[in-house]
Amino acid sequence: MRLHPVRPALLLATVAAVTLTSALPTLAQTAEEKTTFLGRITLFADRLGRSLNDVQGHISVVDDAELKQRNVQTLEDLLRYIPGVTAVRQVSGADPFGGQTGIRIRGVEGNRIQMVVDGGRIPERIIDGSRDYLDFGFTKQVDVVRGPASVLWGADALGGVVAVQTIDPEDLLAGRDRGGQVTLGYGEITDATNVALAFAQRFGSDVSLLVARSRGIDHEMKLTNADPAGGQWGCTRAVIYGAVNCGEFNPLTRTSDRTLVKLVWEVADNQSLKLTFDHLDRLSEIDNTLTRSATVFANPRERDIFRTRYAAEYTATFGGAIDEVKATLAWTPSGYDQHALSVANTAGVITRTHDYVNYAEDFLELDVQATSRFTLGSSEHVLTFGLNSDRAETSYDRTRRVVDTTAGMDVWTVPSGFNFTDGATTRANLYVQDQITLLGGKLELTPGLRYATYEMAPTANASVVAHPDNPTTDRAKEALLASMGATWRFNDTYSVWAHYGEGFKMPTFQQLFTSSTSGSFDLVPAPWLVPEEVKSIEIGFRGEYDKGFFAVNAFQAKYKNFIESFWFVPGTNDISYRNIAEVETWGVELEAGWDATDRLRLTGSVAWMDGKAMATPGAASTQHLVPPLTAVLGASYELTDMGLTLNASATLVEDMQTVNAANFTPPGYGVLDVGASWNFAENAVLNLTVNNVFDKKYYEMGAASSALASTAATTNTVPPQLFTGPGRSVALNLDYRF
């Protein structure tokens with residue numbers, strides 16, 4: 001049997017990672033100074049902050065230095081070296097703004113992944129919207145939690161959490177009275193330029209202030225290896241009328257402005273108050289060429305995404321029965337305004353059609369957390385408990401204005417396309433988790449409970465098209481969610497852990513109360529939907545040595561009542577949503593690292609997973625789309641006398657598993673990235689990366705949804721070539737601290 005060309009490399013990568021683990025005990029005997037690979041702290045394991053080596057779960061942490069070194073600007077940049085976690089790329093001509101619309105963790109994506117910035121929620125994605133509210137400037141750390149995290153972080157963390165933590169004044173001050181940072185960056189893939197300035201000042205001994213401002217300008221992603229003729233699918237876009245080919249995105253200019261202000265007041269030695277203002281405005285302007293025809297000669301669009309967070313955070317350490325208290329009150333208005341103009345000339349009659357969409361998801365959030373540390377007999381306890389609640393006001397308004405300049409007619413209407421109700425969502429949750437240490441630290445048990453309540457109150461708006469199956473009645477759900485973790489430490493080197501977790505997620509307003517009529521088909525409401533649920537179990541084994549580490553874990557997650565989008569209602573031309581009986585995912589993940597010398601560091605990570613779906617109880621199982629077998633091998637070498645660090649990463653990916661034989665199977669591939677960080681002056685670092693050095697053509701995971709025999713209309717709307725991975729590209733940034 002002949003192996004697929006990429007399989008030997010993947011096998012070699014796996015063997016290399018395992019070899020690292022077997023070599024580590026020997027290394028531990030000769031090391032003089034310990035290097036903690038797993039020493040990074042995550043705040044999203046127990047809400048307190050723990051070393052990754054102590055976490056009962058698999059969490060990836062990307063810190064500020066790595067963000068700068070790799071010039072991370074997008075979700076695809078962030079997740080590039082985390083096997084099993086991928087960005088969801090938007091390529092449909094129905095949403096011509098492109099970009100990344102979300103994250104896929106272990107085969108679970110969309111609104112099932114909770115995304116937060118400084119603990120504040122990011123809006124959900126709707127059909128014609130985006131979750132493009134993240135900005136990685138002024139970021140101290142990003143935590144990627146794999147698998148359900150609902151007990152501590154809420155019902156919506158069904159598939160995982162992506163948490164962004166921004167810098168505080170002290171990160172720039174470092175004990176001084178003032179300090180700052182300037183960053184200049186460029187990325188070739190989107191012709192992106194950005195400039196960011198942050199300054200911090202201490203006033204007396206009790207007050208410090210951070211003021212930060214950034215601006216970034218980028219354009220449509222350039223896929224230099226995509227076939228303009230559409231490859232095996234062909235392409236019949238109206239290029240003669242100015243439409244882009246099937247290997248290009250619509251011309252786009254995106255301007256992102258961000259302002260971050262933090263005021264920290266040390267009220268007393270054991271108390272502090274932090275006030276935060278964080279505002280992001282992202283304006284995307286495109287020339288939508290896909291609607292071009294003999295009559296339609298212009299269709300410019302713009303979308304202005306905004307997110308503003310006003311927050312007050314109080315922390316105190318008392319040292320008594322209640323050791324620590326942290327309370328956060330935040331108001332976060334978010335959403336976008338969208339305008340599309342279509343200009344048509346039919347037999348000399350010029351018509352201008354304006355479509356307006358205004359979407360808002362405004363959060364009022366209250367989070368109160370307390371920690372108690374105490375001893376009972378021979379057991380030590382860290383008890384974390386609190387209230388996690390919010391109220392979200394959701395509104396969606398869509399209107400259309402048609403201006404006939406010849407007849408002098410100006411008419412406003414409500415389009416019959418996609419619409420849904422406004423509404424209020426109230427989530428009130430009580431949680432408790434006890435970290436119990438027994439047997440002198442050898443055994444740790446971590447039981448947790450969350451009592452979650454979820455209420456949705458819809459209200460019809462002017463955009464809603466009446467539909468007999470749209471009873472806009474209130475929905476409510478209460479649930480008691482449990483988790484249980486356990487760690488056994490054999491010694492200071494080896495430990496084994498296990499974790500069980502539960503979660504649930506309510507349907508969205510869009511899924512429940514959609515109202516759309518288009519003539520050929522209706523997108524109808526789905527009041528029959530019930531909440532999605534998950535139960536997961538995960539086990540792992542770790543070893544940490546003076547010069548390296550290894551960590552391996554296996555997981556299984558069973559999702560009940562998984563919501564399927566765009567389901568064709570039997571016997572009709574209607575499209576809706578439905579719960580399917582079950583989705584199950586399982587897999588194995590491995591990481592290892594080794595300081596081969598004082599200058600050379602080697603790392604490796606591998607993720608293999610599979611999944612199945614069952615539409616109805618007892619039905620035959622079908623393939624559930626999960627990321628393919630992926631390995632990432634990395635090496636970095638320090639030339640300390642020159643202030644230079646060289647690094648290289650090889651990503652090896654196996655063939656995809658498609659949902660059925662009628663779909664395209666993206667072939668396996670290997671990509672090499674190289675980079676350098678040069679500390680050429682005091683406090684000044686120049687970072688350079690060259691990705692896909694050998695300009696390999698490959699396809700992202702989303703291509704597996706493309707049918708082999710797509711119709712011309714489908715291919716032109718969602719060209720598979722737009723799932724092509726970026727070709728060779730350069731990115732660089734200059735970071736200066738003062």
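Note that the numbering runs from 1 along the sequence shown for the chain.
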Going by an N to O cut-off under 4.0 Å, is there a salt bridge joining [X] and [Y]?
| X | Y | value |
| --- | --- | --- |
| E324 | R47 | no |
| E76 | R80 | no |
| R40 | D63 | yes |
| E444 | R50 | yes |
| R489 | D54 | yes |
| K140 | D64 | no |
| K612 | E582 | no |
| R112 | D156 | no |
| R542 | E544 | no |
| R89 | E700 | yes |
| R391 | D362 | no |

* Can you list every ring pair (Phe, Tyr, Trp, His ring centres under 6.0 Å) pair that touches residues 103-154, not counting sequence neighbours? ->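 Qualifying pairs, neighbours excluded: F44-W153.
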Nearest heavy-atom neighbours spanning [X] and [Y]:
| X | Y | answer |
| --- | --- | --- |
| G107 | P627 | N-CD, 3.7 Å |
| A87 | L79 | N-CD1, 3.7 Å |
| S130 | I305 | CB-CD1, 4.2 Å |
| G540 | V496 | O-CG2, 3.2 Å |

* Could you label the plane-to-plane angle of the F504 and Y454 rings as parallel, tilted or perpendicular, counting under 30° as parallel and over 60° as perpendicular? =>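 Because their plane-to-plane angle is over 60°, the rings of F504 and Y454 count as perpendicular.
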Show which side-chain atoms of residues 556-566 pair as donor or acceptor with protein atoms under 3.5 Å away, not counting sequence neighbours.
{"unit_1": "Q556", "atom_1": "NE2", "unit_2": "E584", "atom_2": "OE2", "d": "2.6"}
{"unit_1": "E564", "atom_1": "OE1", "unit_2": "R578", "atom_2": "NE", "d": "2.7"}
{"unit_1": "E564", "atom_1": "OE1", "unit_2": "R578", "atom_2": "NH2", "d": "3.1"}

Polar contact flag, side-chain donor to acceptor under 3.5 angstrom, [X]-[Y]:
| X | Y | value |
| --- | --- | --- |
| H58 | E589 | yes |
| S92 | D95 | no |
| Q56 | T487 | yes |
| Y359 | E361 | yes |
| T166 | D118 | yes |
| H624 | T622 | no |
| D655 | T665 | no |

* Please step through side-chain hydrogen bond (donor to acceptor under 3.5 Å, both in side chains) for the pair E538 and Y500, ending with a clear verdict. => CA-CA 7 Å; E538 194 164 353; Y500 168 79; over 6 Å; no
* Please walk me through it: do R146 and S60 pass side-chain hydrogen bond (donor to acceptor under 3.5 Å, both in side chains)? -> CA-CA 8 Å; R146 309 190 205 193; S60 298; 2.7 Å; yes
Look at the side chain of [X] and the backbone N and O of [Y], then say whether any donor-acceptor pair between them is shorter than 3.5 Å.
| X | Y | answer |
| --- | --- | --- |
| E502 | A482 | yes |
| K535 | G501 | no |
| T437 | G441 | no |

Rounded distance (nearest 0.5 Å) linking atom [atom1] of [X] with atom [atom2] of [Y]:
| X | Y | atom1 | atom2 | value |
| --- | --- | --- | --- | --- |
| D422 | T394 | CG | OG1 | 8.0 Å |
| T514 | I126 | OG1 | CD1 | 9.5 Å |
| L480 | L449 | CG | CG | 5.5 Å |

* Asked: Q73 and D135: side-chain hydrogen bond (donor to acceptor under 3.5 Å, both in side chains), yes or no, with the steps?
  -> CA-CA 7 Å; Q73 297 182 15; D135 178 86; over 6 Å; no
* Are any non-hydrogen side-chain atoms of I103 and L75 less than 4.5 angstrom apart? ->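 Touching, per the 4.5 Å side-chain cut-off.
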* Under a 4.5 Å cut-off applied to non-hydrogen side-chain atoms, are V161 and M115 in contact? ->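 No. Closest side-chain heavy atoms not under 4.5 Å.
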* May I have the step-by-step check of side-chain contact (heavy atoms from CB on, under 4.5 Å) for V552 and V588, ending in yes or no? => CA-CA 7 Å; V552 60; V588 177; 4.2 Å; yes
* Residue from R427, R450, Q369 passing side chain to side chain donor-acceptor pair (under 3.5 Å) with N388 ->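 Only match with N388 under side chain to side chain donor-acceptor pair (under 3.5 Å): R450.
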* If you draw a 6.0 Å radius around CZ in F568, do more than 12 non-hydrogen atoms from other residues or ligands fall strictly inside? ->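 Not more than 12 within 6.0 Å, no.
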* Partner of Y396 by ring-ring contact (aromatic ring centres under 6.0 Å, His included), out of Y336, F420, F513 ->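 The residue from Y336, F420, F513 that satisfies ring-ring contact (aromatic ring centres under 6.0 Å, His included) with Y396 turns out to be F420.
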* Mind running side-chain hydrogen bond (donor to acceptor under 3.5 Å, both in side chains) on T42 and D143 for me, showing each step along the way? => CA-CA 7 Å; T42 171; D143 290 17; 2.6 Å; yes
* Asked: Can R106 be said to sit on top of F555's aromatic six-ring, NZ or CZ under 6.0 Å from centre and within 45° of the ring axis?
  ->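 Because its charged atom sits under 6.0 Å from the ring centre and within 45° of the axis, R106 does stack over F555.
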